[in-house]
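Structure first, commentary second.
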There are 2 protein chains.
Amino acid sequence: MKETLSSISQRLGISTATISRVLSGNAKKYRISEKTAAIVTAEASRCHYIPSLAAQSLRTNKTKTIGLLMPKLSNPYFADISSAIISEANSKGYTAIIADTMENVEVQKDCISALLSRKVDGIIAAPCGNDSKIFKEINARIAPVVLIDRYFEDATISYVTSNNYKGAFDATSLLINNGHKNIVCIQGDEASLPNKKRVGGYLDALSTAGLQDNARILGNAFSIQNGYLETKLLLSSSSNRPSAIFALSYTILLGVIKAIKEASLVIPDDISIISFDDNISLDYMTPSISRVGQPTEEMGQLAAKMLFNKLNDNDTNELVSHIELSTELLIRKSVIKNNGADEDKDKDKNEDK
Amino acid sequence: MKETLSSISQRLGISTATISRVLSGNAKKYRISEKTAAIVTAEASRCHYIPSLAAQSLRTNKTKTIGLLMPKLSNPYFADISSAIISEANSKGYTAIIADTMENVEVQKDCISALLSRKVDGIIAAPCGNDSKIFKEINARIAPVVLIDRYFEDATISYVTSNNYKGAFDATSLLINNGHKNIVCIQGDEASLPNKKRVGGYLDALSTAGLQDNARILGNAFSIQNGYLETKLLLSSSSNRPSAIFALSYTILLGVIKAIKEASLVIPDDISIISFDDNISLDYMTPSISRVGQPTEEMGQLAAKMLFNKLNDNDTNELVSHIELSTELLIRKSVIKNNGADEDKDKDKNEDK
DNA sequence: ATATTTAGAACAAACGTTTGAGCAAAAATA
DNA sequence: TATTTTTGCTCAAACGTTTGTTCTAAATAT
C-alpha cells in the first residue's frame, strides 16, 4: 500500500540510493544513466510514490516548512498578508504553519517555541512588542527571519513594509489641500514603527503647510475602542473641534465613525475623515471612506520571496534587504472642502497661544 | 549544542529507551522508578531538550499536524473560523497548516495532495464543489475529516455548521413581522448546502405567514458582484419593487448596498435590508445592518475538538457527529416597519396573477 | 599488454525516535 | 532453600531518507 524507496528498489532491482538521486533531480550530478533514470521516474509516478517528509527532514534537517507569526489572523489586514504568503509558499513546494500571537508578547514567546520545535526552515513575522532580541537571535543562529509590516530599525533583520510615512503624508496633504487646517490624528500603538512613521508623515505634511502648531495626536492603540473613546472625548469639548480626523488604522476608524454618529455629526459635512488601511467595506459605508491602501498581497509575496532567497543562497546568506512598498491614496467621499471655517481655525490658534 | 535522547543518555548513563518513556509520560506504565524519572525530567528541562518531531513522525507515523482546507482565507468569515481552529490546535500541542483553495475545485485537489503528502493526522475542511468522494475516501482510509460550514448530506463525515435554516427563517420572520410582504432573497452558490438551508428557511417563513406566492429568489454566487447585479436588475424594473431584501451573505450584502445607493434609494426608508453573516463593519454602516450572526469561534473550536476526539479515541473511531450551532439575530437599524405599502403589495400580487 | 581513468551503480552509515523483547536483580511465594 | 513473580531497566530493530565511500566493468591512455 505505502510506497517507499525500498519497495521501489526491490521491485526494480535498483538501489535506494540511485532512486533517491534520480527522484531528487540529481541524476546527472551522480552520473546515473538516462535509461535507469527513465525507468525510475516512470515507476515512481506509476505507483504514486510520495516521499516521506519526516524521513527527509530527519536526514537533511530541512522541513520545507516556514513559520508565520501573525498578531491577529482575524484582522483582515493580516489575513490578507497571510493568504498571500501561504500561496507563494505553496507554489514553491513549502507549506506554512501559522501561529496567532493575539498581540500578546507572552503568547508570542510560546508561538516562537512551537515554531522552532517544528524546526521551520524560516520565519515570517509581524512581531508584537519591541524586543528585537529574540528575532535577531533566531535570525543569526537558527533560521532566517523576515519581518513584515512591523520591523526593527537596526538593520540586521530583513523586512518588507509599506511606505507608512508617505502614505500618511499623502493622506494629510489631501486634507490640507481641501482647506483643512485643524486636523486631528488618532494613532495606534505608539511603540510600533509603522505608527511612528505614520505620525511622522502627518506631522511633516502639516509642517510643509506651515500648520505644525495645529498638530494634535491622540490615542495609543490600534483598536475600535481607542478610536471611539478618543473621538468621543474630542467631540465633547466644543471649544476646538477639528474639521478633519485622520485615523491611523481601520479599527481606529470604526471607533471614530461610531463616536461621530453618536454626536449626531455628519461625515463629511461636519467633519472630514480619512483612514489608513484598505478594507472593502469602506466603499460601502455612507459616505464611502477615503483611505491609504497598503499593497497587502505584494507585501506577502515579497516577504515570502525574500525568505526563499535566504533559504537558497547559502553564499550570500548575510544579505539583508529592507523594502518599502508604495501605498495608494484611495479617494472616496469622506473628505470635502473645508467651507470657510477658517475663522474658527484662527480663533482656535489664538486660543492655543 | 543540539540535545538528543542519546546525548542525554550518555550524560546520565541511562538508556534512551528509558528517557523516551519518561519524557513521553509513560514512566509508570513501564515501571520506571520515581527516582530515575525525576533525574531524567530534571536534566531534560535543564538542557532545554526539544524532541525531534521528524524522528517522532518517522517512527510513529503521526505528525501532530492537522490540515486546514479553506476556500478563501481573505474572507473574514473563514479567517475567523481558521483563527479559532488554530488556537485550539495549538493549545493541544498540534500545529495547523492552512491551504487556500480559492474556491476552485482543481486547486482544492492540489491542496489535498499537499496536505496528504505532509501526512497530516487529520483534516478540517470547508470544501468547495459538490464532490464528496475524495473526502469520504480520505476519511475512511487515510485520516479523519471534519467538515465545517459546508458539508455533505450523506451521513458518513462529521461536520459542524450553524443552523442556517433557522437563521434564515428568523431573518425572514423579522421582516414579515415588520409588515413586509414583498421580500426578495438574493442567494449564493445554489449547490452549497448552507445556501439551500437558508433558502429553505426563507421559503418556510414566507409560507408560515401565507406569503409563499411572494417568494422571489435571485442570484447564484456568494460575491459582491452577484449581489450588485441582481439588485441592480431588480430595482431597474419599477413594477414590482420589493420592500425588503434578504442577502444570503456578507459579500452579497455589499453588492446590494452598492446597487441601492446607485439607485438613490435610502435604507431603510425606501427598502429594508437584512443579511446573513456577522461582520463588525456592519455596525458602522449607515444605517447599521441587521443580520444573522454565526458563531464562528465556537464552530472552529468545536470542529477542532471533534477532530481531536477522533484522533484519540481509537475504539470509537467510527463515531460520526453532526452538529448545528445556533445563529443569532442581530437587530440593528436596517429594518423598519413597512409603512402602509400594503396596497402596493396587493396590487403586485394581482399583477402577478 | 598494462596502467589509469571514467561511468554507473551499490553499500552502509547515519538522522533521533519509539517500542517489543529480553535480562538481571530484588521481592514474594512455596 | 528453591521457585516464581515483580521491578527496573537495557538492547536493538525499525521508521524512510540522503550521501560519502566503495566497487565493478568498461573505456582510455601509456
Side-chain angles (χ1 to χ4, degrees), chain A residues 1-41 43-44 47-65 93 116-121 314, chain B residues 1-41 43-44 47-65 93 116-121 314:
Chain A
M1 189 72 227
K2 159 173 281 183
E3 293 292 349
T4 70
L5 283 190
S6 35
S7 74
I8 299 181
S9 165
Q10 288 194 326
R11 216 175 311 132
L12 255 41
I14 297 178
S15 76
T16 62
T18 301
I19 300 175
S20 167
R21 298 201 237 248
V22 170
L23 262 30
S24 53
N26 294 322
K28 47 242 125 173
K29 182 176 163 192
Y30 289 97
R31 343 172 265 224
I32 314 266
S33 70
E34 307 232 332
K35 199 173 81 181
T36 311
I39 294 175
V40 168
T41 48
E43 175 62 13
C47 69
H48 301 112
Y49 167 72
I50 299 177
S52 156
L53 204 80
Q56 289 180 321
S57 302
L58 183 59
R59 182 59 225 245
T60 62
N61 245 345
K62 305 244 165 289
T63 54
K64 284 280 184 181
T65 300
L116 293 184
S117 83
R118 292 268 156 180
K119 300 274 190 301
V120 292
D121 293 342
N314 297 356
Chain B
M1 190 70 227
K2 160 173 282 184
E3 292 293 348
T4 70
L5 282 191
S6 35
S7 75
I8 299 181
S9 166
Q10 287 195 326
R11 217 176 310 135
L12 255 40
I14 297 178
S15 76
T16 62
T18 301
I19 299 175
S20 167
R21 297 202 238 250
V22 170
L23 262 31
S24 53
N26 293 322
K28 48 244 125 171
K29 182 176 163 193
Y30 288 97
R31 339 171 270 228
I32 313 270
S33 70
E34 307 231 333
K35 198 173 80 180
T36 310
I39 294 175
V40 169
T41 49
E43 175 62 13
C47 70
H48 300 111
Y49 167 72
I50 299 176
S52 156
L53 203 81
Q56 288 180 321
S57 301
L58 182 60
R59 181 59 224 245
T60 62
N61 244 344
K62 306 242 165 288
T63 55
K64 285 280 182 180
T65 301
L116 293 184
S117 82
R118 290 269 155 179
K119 300 274 190 298
V120 292
D121 293 343
N314 297 357

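Just so we're on the same page: letters track the sequence lines, and every chain starts at 1.
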Check every strand shown and say whether A/Thr36 touches a base, only sugar-phosphate, or nothing at a heavy-atom separation below 4.0 Å. sugar-phosphate
- Message: Classify B/Leu5 by what it touches in the nucleic acid, base, sugar-phosphate, or nothing, heavy-atom distance under 4.0 Å.
- Response: base
Donor-acceptor pair between B/Gln56 and B/Thr60 side chains, under 3.5 angstrom
no
Shortest non-hydrogen pair, A/Ala37 vs A/Val22, comes out as O-CG1, 3.8 Å
Among [options], find the nucleotide with the atom closest to the side chain of [X].
X: A/Ala55; options: C/dA12, D/dT10, D/dG16; value: D/dG16
X: B/Ala17; options: C/dT19, C/dA9, D/dT19; value: C/dT19
X: B/Leu58; options: C/dG20, C/dA10, C/dG16; value: C/dG16

When the distance from [atom1] of [X] to [atom2] of [N] is rounded to whole Å, what number comes out?
X: A/Lys29; N: C/dA9; atom1: NZ; atom2: C1'; result: 16 Å
X: B/Lys119; N: D/dC15; atom1: NZ; atom2: P; result: 14 Å
X: B/Leu23; N: C/dT19; atom1: CG; atom2: C1'; result: 16 Å
X: A/Lys62; N: D/dT17; atom1: NZ; atom2: C1'; result: 15 Å
X: A/Leu53; N: D/dG16; atom1: CG; atom2: P; result: 14 Å
X: A/Gln56; N: D/dT19; atom1: CD; atom2: C1'; result: 14 Å
X: A/Ile19; N: C/dA10; atom1: CD1; atom2: P; result: 8 Å
X: B/Lys35; N: C/dA26; atom1: NZ; atom2: P; result: 13 Å

At under 4.0 Å, does any side-chain N or O of [X] touch on OP1 or OP2 of [N]?
X: B/Ser20; N: C/dG16; value: no
X: B/Ser52; N: C/dC15; value: no
X: A/Ser15; N: C/dA10; value: yes
X: A/Thr60; N: C/dC15; value: no
X: A/Tyr49; N: D/dT17; value: yes

Once hydrogens and angles are ignored, does a donor-acceptor distance under 3.5 Å link the base of D/dT17 to the side chain of A/Arg21? no
Out of curiosity, [X] [atom1] to [Y] [atom2], how far, rounded to the nearest 0.5 Å?
X: A/Thr16; Y: A/Leu23; atom1: OG1; atom2: CG; result: 11.5 Å
X: A/Ser6; Y: A/Ile19; atom1: OG; atom2: CD1; result: 8.5 Å
X: A/Thr65; Y: A/Leu53; atom1: OG1; atom2: CG; result: 6.0 Å

Of A/Pro51 and B/Thr18, the one whose closest nucleotide on DNA chain D sits nearer the 5' end is B/Thr18
